Amino acid sequence: MDYEKLVPTIRKLALEAGDRIMEIYDGPDFEIKSKSDDSPVTAADEAADKIISDGLRAAFPDVALVTEEQAASHDLTVSTFLIVDPLDGTKEFIKRRGEFTVNIAYVENGVPKAGVVYAPAIKRLFYTLADGRSVEEKGSFDKEQPGEISPITVSTPDNRALMVVASKSHRDQATDDYIGQYGVKDMTSAGSSLKFCLVATGEADLYPRLGPTMEWDTAAGDAVLRGAGGLMINFEDHKTFAYGKDGFRNPFFIAYAPGVLLVK
């Protein structure tokens with residue numbers, strides 16, 4: 001993969017998709033449909049998916065593409081691929097809570113090597129550079145010319161007073177019980193893949209997920225986290241998290257700053 005080409009491409013596509021999502025978000029009431037698994041989908045999901053998919057296929061025609069909104073892609077058997085969640089946090093979008101993201105990632109041999117996470121409603125943009133380091137960009141988000149970028153890095157956590165982030169829409173007792181085994185200073189809830197980015201920037205130390213997710217939900221955030229020095233592992237056995245799994249389904253996981261002393 002030519003990362004010097006990939007990074008500006010996925011950044012631009014995320015911004016373009018974000019613009020279209022916000023047009024719908026700020027407009028009149030939008031139709032909400034249900035997919036086969038009863039999860040909601042809106043015109044914003046579909047419009048963003050078309051922008052991103054068309055752009056990726058034009059730029060990287062020889063790289064497999066997996067995207068949440070195209071069911072046929074879920075049957076692929078691949079270890080190197082582009083993976084897209086055009087609107088992660090559809091429930092946050094529907095409730096107009098703002099914490100939804102555009103996610104694009106590149107996975108090579110099961111490892112997320114590059115990714116962009118863009119939260120258009122709250123104007124936060126995170127991505128990996130060509131050398132793998134992660135940054136947050138501030139400014140006007142010009143499509144062609146990046147603004148001010150700042151390197152991001154995970155925290156050096158105090159294990160007696162951890163900052164924990166958990167899902168806003170999928171919080172359960174098992175998650176609370178797990179978190180309860182740590183010394184916690186503060187716990188916050190966040191929607192979508194923003195949770196990975198909060199760990200990547202040091203705003204949180206630990207993000208456990210004891211619930212179902214798909215690879216398109218996590219790949220971009222995982223890439224940003226890894227580029228900031230963070231880790232993501234399987235919850236059950238603490239083994240390295242890998243992509244290209246059957247059906248692109250994820251096991252439970254833990255995303256964290258390496259200094260966190262994990263409970264087993």
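The figures here come from the full heavy-atom set of this structure, side chains too, leaving out hydrogens, waters and symmetry mates. Numbers for residues simply follow the sequence, beginning at 1. Everything numeric in this text was worked out from a predicted model, so none of it was measured.
Under the 4.5 Å side-chain heavy-atom criterion for ILVMFWY residues, no single connected hydrophobic cluster contains both Y25 and L194. By the rule that hydrophobic residues join a cluster once side-chain heavy atoms approach within less than 4.5 Å of another member, L262 and L231 end up as members of one cluster. Transitive grouping of hydrophobic side chains (ILVMFWY, heavy atoms separated by less than 4.5 Å) brings Y178 and M187 into a common cluster. Hydrophobic clustering (ILVMFWY, side-chain heavy atoms < 4.5 Å, transitive): L56 and I21 are in one cluster. In the hydrophobic clustering of this structure, V63 groups with V7; members are Ile, Leu, Val, Met, Phe, Trp, Tyr whose side-chain heavy atoms approach within less than 4.5 Å, directly or through other members.
Remark: E16 pairs with no residue by the salt bridge (charged side-chain N to carboxylate O under 4.0 Å, His left out) rule, at least two apart or across chains. Annotation: salt bridge (charged side-chain N to carboxylate O under 4.0 Å, His left out) contacts of K5 (sequence neighbours excluded): none. The side chain to side chain contact (heavy atoms under 4.5 Å, CB included) test applied to E4 returns D2, A130, not counting sequence neighbours. Under the salt bridge (charged side-chain N to carboxylate O under 4.0 Å, His left out) criterion, R249 pairs with no residue at all, not counting sequence neighbours. Listed by chain and number, the residues in a side chain to side chain contact (heavy atoms under 4.5 Å, CB included) with P151 are R133 (sequence neighbours excluded). With sequence neighbours excluded, the residues that form a ring pair (Phe, Tyr, Trp, His ring centres under 6.0 Å) with F81 are F248. Judged as a side chain to side chain contact (heavy atoms under 4.5 Å, CB included), and not counting sequence neighbours, the contacts of D26 are M22. Taking Q173 as the reference, D176, D177 meet the side chain to side chain contact (heavy atoms under 4.5 Å, CB included) condition, with sequence neighbours excluded.
Q70 and S53 get closest at one heavy-atom pair: NE2-OG, 2.9 Å. Between T128 and S134 the shortest heavy-atom distance is CG2-OG, 3.5 Å. Minimum heavy-atom separation, P146 to Y127: CB-OH, 3.9 Å. Contact between A174 and L210 at its shortest, heavy atoms only, is O-CD2, 3.8 Å. Closest approach of A257 and V199 over heavy atoms only: N-CG1, 4.0 Å. The nearest pair of heavy atoms linking P258 to V154 is CD-CG2, 3.8 Å.
Counting heavy atoms of neighbouring residues, nucleotides and ligands inside a 6.0 Å radius, atom NZ of K138 does not exceed 12 of them. Environment of CZ in R96: crowded, with over 12 heavy atoms of neighbouring residues, nucleotides or ligands closer than 6.0 Å.
Here the CE-OG distance, from M163 to S155, works out to 9.5 Å after rounding to the nearest 0.5 Å. Taking CG of L261 as the reference point, atom OH of Y182 lies at 8.5 Å (rounded to 0.5 Å). The line from CZ of F93 to CZ of F100 is 5.5 Å long, rounded to the nearest 0.5 Å. The structure places CG of L13 at 6.5 Å from CD1 of I52, a figure rounded to the nearest 0.5 Å. To the nearest 0.5 Å, atoms CG (D85) and CG (D45) are separated by 8.0 Å. Taken from CD1 in I233 to NE2 in H238, the straight-line distance is 4.5 Å, to the nearest 0.5 Å.
With N250 as the fixed residue, the side-chain hydrogen bond (donor to acceptor under 3.5 Å, both in side chains) test singles out one of T213, D217, N234: T213.
Residues L129 and V135 have side chains in contact (heavy-atom distance under 4.5 Å, counting atoms from C-beta outward). D158 has its side chain out of reach of K185: every pair of non-hydrogen atoms, C-beta onward, lies at least 4.5 Å apart. Residues L15 and D19 form no side-chain contact, since every pair of their non-hydrogen atoms from C-beta on lies 4.5 Å or further apart. For the pair I179/P208, a side-chain contact is recorded, criterion being any heavy-atom separation below 4.5 Å from C-beta on. The shortest distance between side-chain heavy atoms of F60 and M1 falls below 4.5 Å. Side-chain contact between Y3 and P8 is absent, with no heavy atoms from C-beta onward closer than 4.5 Å. Two residues are said to be in side-chain contact when any heavy atoms from C-beta on lie closer than 4.5 Å; I24 and R20 meet this criterion. Between V260 and N159, some side-chain heavy-atom pair lies under the 4.5 Å cut-off.
Residue pairs that meet the salt bridge (charged side-chain N to carboxylate O under 4.0 Å, His left out) test with at least one member in residues 233-246, sequence neighbours left out, are E215-K245. Contacts classified as salt bridge (charged side-chain N to carboxylate O under 4.0 Å, His left out) and involving residues 197-207 (residues at least two apart or in different chains) are given here: R124-E203.
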List, one per line, each side-chain donor-acceptor pair under 3.5 Å for residues 222-229, sequence neighbours excluded.
| residue | atom | partner | partner atom | Å |
| --- | --- | --- | --- | --- |
| D222 | OD1 | R226 | NE | 2.7 |
| D222 | OD2 | R226 | NE | 3.4 |
| D222 | OD2 | R226 | NH2 | 3.1 |
| D222 | OD2 | Y243 | OH | 2.8 |
| R226 | NH2 | F241 | O | 3.1 |

Return all side-chain donor-acceptor pairs below 3.5 angstrom for residues 103-121, not counting sequence neighbours, or 'none' if the list is empty.
| residue | atom | partner | partner atom | Å |
| --- | --- | --- | --- | --- |
| N103 | OD1 | S193 | OG | 2.6 |
| N103 | ND2 | T101 | O | 3.4 |
| N103 | ND2 | T101 | OG1 | 2.9 |
| Y106 | OH | E108 | OE1 | 3.1 |

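D172 places no side-chain N or O within donor-acceptor distance of the main-chain N or O of G211, the cut-off being under 3.5 Å.
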Q) Going through the checks in order, is the side chain to side chain donor-acceptor pair (under 3.5 Å) test met by E92 and S192? A) CA-CA 8 Å; E92 304 296 317; S192 69; over 6 Å; no
Q: Could you go through the side-chain contact (heavy atoms from CB on, under 4.5 Å) check for L65 and S73 one step at a time?
A: CA-CA 7 Å; L65 175 61; S73 71; over 6 Å; no
**Q.** Full working for ring-ring contact (aromatic ring centres under 6.0 Å, His included) between Y207 and F196
**A.** CA-CA 7 Å; Y207 162 37; F196 289 99; 5.2 Å; yes
Q: Take L206 and I254 through the test side-chain contact (heavy atoms from CB on, under 4.5 Å) and record every step on the way to the result.
A: CA-CA 7 Å; L206 175 67; I254 306 166; 3.5 Å; yes
Q: In sequence, state the C-alpha distance, the side-chain angles, and the governing distance for D142 and Q145, and then conclude on side-chain contact (heavy atoms from CB on, under 4.5 Å).
A: CA-CA 6 Å; D142 181 272; Q145 185 61 43; 3.7 Å; yes
**Q.** From CA spacing to verdict: side-chain contact (heavy atoms from CB on, under 4.5 Å), V84, V66
**A.** CA-CA 6 Å; V84 175; V66 178; over 6 Å; no
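Taking the charged nitrogens against the carboxylate oxygens, R11 and E137 do have a contact shorter than 4.0 Å, which makes a salt bridge.
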